[in-house]
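We count ligands from 1, going down the list as the structure has it; atoms in each ligand are counted the same way. All values reported here derive from a predicted model rather than from experimental measurement.
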Amino acid sequence: MFNSFGEIFRFTTFGESHGKAIGVVIDGVPAGIEFDKEFLINELDRRRPGKNRFATSRNESDTPEVLSGVFEGKTTGTPIAIVIFNKNQKSNDYSNIKDIFRPGHADFTYFYKYGIRDYRGGGRSSARETAARVAAGAVAKMILKEFGIEIEAGVIEIGGIRTENLDYEYAKNSPIFALDREIEKKWMEMIDNARKDHNSFGGAVKLRIKNLPIGLGEPIYYKLDNVLASAMVSINAVKGVYIGNTEAHKLTGLQNNDEISKEGFLSNYSGGVLGGISNGEDVEAEIYFKPTPSIFKPQKSVDVNGNEVEVNLKGRHDPIVAIRGSVVVEAMGACVVADMLMLNATRTIEKLKKIYQ
Ligand SMILES: Cc1cc2nc3c(=O)[nH]c(=O)nc-3n(C[C@H](O)[C@H](O)[C@H](O)COP(=O)(O)O)c2cc1C
């Protein structure tokens, strides 16, 4: 398996949904960065399950233990290891699907690829793993803070109901990270109804990265936009990413080009990236999540012996994964930008060395 992400700011996650712990080892963090443990706890708390009726009722405190890489409140340049112990597993809920493949989940592919699968809560394929990414993202954000770069995200669409009113400040305190105070109530009703109906909805998240310098991104195969897209699609249940104006494919060049004046760009349809390199505008992307696959309706499937069966699921699940997914989107965005900054720094230093030789 591939469990690491990034070139210089590089993290590796470990652990399963119902194992002893999950965690992350983050390498490539420069020495001397202010390590804000409270911020780390807070970031994990934003993603944590069991907080309200809009998330799975699995109740984890997601308290992180920082094992290494930090001394007297600063990073030391050595790997930062963070572990989160699982406390609220209910593995019995999954005994009835031990030999059965849940439609829409990773059971089928994990079984046929590895021949063995930890069926408890989805094992390694569970989005429990995304808590470890959020921990890595929190550390990335500590680096970005030094550069004045800010990352924010929120829910822009649920079940086909969409807003264009992007209030990122409001989203920060919304129980469903809604970007629109007006539509939030409607979305909450939809979520409640989905839950009552034992069903789920898909949704979309908008990401904005502010104050990026011009020049981040490494053409041709480590472009800012292609790495961002890849990072986002690596998040469980993400099926699509749009960089910049999500209507671009329907427009003409004249409608979609960002004209340039002495003061800068006159619009930002490009979403802050041109030729894979940041152009100094806000980086904007939209990330599309499919509906939660685990629903409580009878569905057709097969067991490991190929017999047709009816699946009736138990357990605790998110009615809409895009909600908590929004926090994961921010985290992955932060990790990509931190990595791009480190790549850029290395190149700059190399260039200077040559000049002064
Ligand atoms: C934050 C988050 C929470 C999720 N919670 C659940 C859940 O409670 N139940 C579920 O079946 N899938 C959940 N998922 C989605 C599955 O992990 C995912 O659909 C599954 O691993 C199959 O992978 P794929 O959809 O990327 O193909 C969640 C995803 C995210 C990002």
Side-chain angles (χ1 to χ4, degrees), residues 1-3 13 15-18 22 43-60 62 84 86 88-90 93-94 96-97 100-114 117-135 137 153-155 158 175-177 191 194-195 198-205 207 229-241 287-297 299 301 311-333:
M1 286 192 186
F2 280 50
N3 295 289
T13 71
E16 290 86 25
S17 180
H18 288 215
I22 51 166
E43 286 292 279
L44 285 164
D45 193 56
R46 293 174 66 221
R47 194 220 69 106
R48 144 180 116 70
K51 268 201 320 197
N52 58 37
R53 69 183 196 276
F54 307 112
T56 165
S57 58
R58 175 170 174 171
N59 194 6
E60 293 284 352
D62 279 357
I84 299 163
N86 291 327
N88 192 226
Q89 305 95 315
K90 284 195 182 165
D93 282 351
Y94 293 89
N96 68 329
I97 55 140
I100 291 174
F101 307 126
R102 287 170 297 172
H105 223 293
D107 306 341
F108 181 93
T109 44
Y110 267 55
F111 180 77
Y112 280 105
K113 183 172 173 79
Y114 300 107
R117 97 186 144 97
D118 179 351
Y119 61 86
R120 304 163 309 162
R124 181 73 180 152
S125 76
S126 161
R128 182 95 193 101
E129 185 268 347
T130 61
R133 300 176 188 228
V134 170
V155 173
I158 288 181
I176 58 167
F177 305 112
I191 302 166
R195 201 186 272 290
H198 306 305
N199 213 340
S200 61
F201 276 125
V205 167
L207 170 73
S230 159
M232 294 306 155
V233 181
S234 80
I235 299 171
N236 313 42
V238 171
K239 296 298 150 196
V241 177
I287 294 94
Y288 303 92
F289 288 81
K290 76 180 193 184
T292 317
S294 298
I295 51 172
F296 302 107
K297 284 197 183 287
Q299 295 167 91
S301 186
V311 183
N312 287 291
L313 294 180
K314 292 190 271 181
R316 299 162 294 175
H317 297 281
D318 290 275
I320 294 172
V321 298
I323 295 172
R324 293 198 299 134
S326 169
V327 184
V328 188
V329 161
E330 269 184 45
M332 288 307 286

**Request:** Go through ligand 1 atom by atom and flag the ones less than 4.0 Å from a non-hydrogen atom of Lys290.
**Result:** 19 (O), 24 (P), 25 (O), 27 (O)
**Message:** Ring-plane angle category for Phe108 and Phe101, please: parallel below 30°, perpendicular beyond 60°, tilted otherwise.
**Reply:** perpendicular
**Asked** Does Arg324 offer a backbone N or O that forms a donor-acceptor pair with the side chain of Arg47 under 3.5 Å?
**Response** no
**Asked** Between Arg47 and ligand 1, is there a nitrogen or oxygen pair with a distance under 3.5 Å?
**Response** no
**Message:** Among all the protein's non-hydrogen atoms, which is closest to atom 11 (O) of ligand 1, and how far away is it?
**Reply:** Ser294 OG, 2.6 Å
**Distance-only N or O hit between ligand 1 and Thr130, under 3.5 Å** = no
**Fill in**
In this structure, atom 31 (C) of ligand 1 is nearest to the protein heavy atom Asn236 O, 3.3 Å
**Message:** Please check this pair: side chain of Glu43 against backbone of Val134, looking for a donor-acceptor N/O pair closer than 3.5 Å.
**Reply:** no
**Member of Arg58, Gln89, Arg120 meeting the side chain to side chain donor-acceptor pair (under 3.5 Å) criterion with Ser17** = Arg58
**Best match, Ser126, Gly325, Ser234, Pro293: closest heavy atom to atom 19 (O) of ligand 1** = Pro293
**Prompt:** Among Val329, Asp318, Val233, Val238, which residue places a heavy atom closest to atom 5 (N) of ligand 1?
**Reply:** Asp318
**Item:** Residues Arg46, Asp62: salt bridge by 4.0 Å N-O rule
**Value:** no
**Prompt:** What's the shortest heavy-atom distance between Thr292 and Ile320, and which atoms?
**Reply:** OG1-N, 3.6 Å
**Message:** Please compare Ala237, Gly123, Pro291, Gly104 and report which has the shortest non-hydrogen distance to atom 22 (C) of ligand 1.
**Reply:** Gly104
**Request:** Please answer whether the main-chain N or O of Gly123 pairs with a side-chain N or O of Asp118 as donor and acceptor at a distance below 3.5 Å.
**Result:** no
**Request:** For the residue pair His317 and Phe296, categorise the inter-ring angle as parallel (less than 30°), tilted (30 to 60°) or perpendicular (more than 60°).
**Result:** tilted
**Request:** For Ser125, counting its heavy atoms only, list the atoms of ligand 1 lying under 4.0 Å from any of them.
**Result:** 17 (O), 21 (O)
**Request:** Examine Arg316 against ligand 1 and note whether any of their N/O atoms are separated by less than 3.5 Å.
**Result:** no
**Request:** Measure the distances from the heavy atoms of Thr292 to every atom of ligand 1 and state whether one is below 4.0 angstrom.
**Result:** yes
**Asked** Within the distance-only criterion (no hydrogens, no angle test), does the side chain of Ser301 pair as donor or acceptor with the backbone N or O of Arg102 below 3.5 angstrom?
**Response** no
**Enumerated ligand 1 atoms positioned under 4.0 Å from heavy atoms of Val321** = 3 (C), 4 (C), 5 (N), 6 (C), 13 (C), 14 (N), 28 (C), 29 (C), 30 (C)
**Request:** Identify the protein heavy atom lying closest to atom 2 (C) of ligand 1, giving its residue, its atom name and the separation to 0.1 Å.
**Result:** Ala127 CB, 3.4 Å
**Asked** Among Arg58, Arg102, His317, Lys239, whose heavy atom sits nearest atom 27 (O) of ligand 1?
**Response** Lys239
**Asked** Can Gly122 be said to touch ligand 1, with heavy atoms closer than 4.0 Å?
**Response** no
**Message:** So does Asn96 get a backbone contact from the side chain of Lys314, meaning a donor-acceptor N/O pair under 3.5 Å?
**Reply:** no
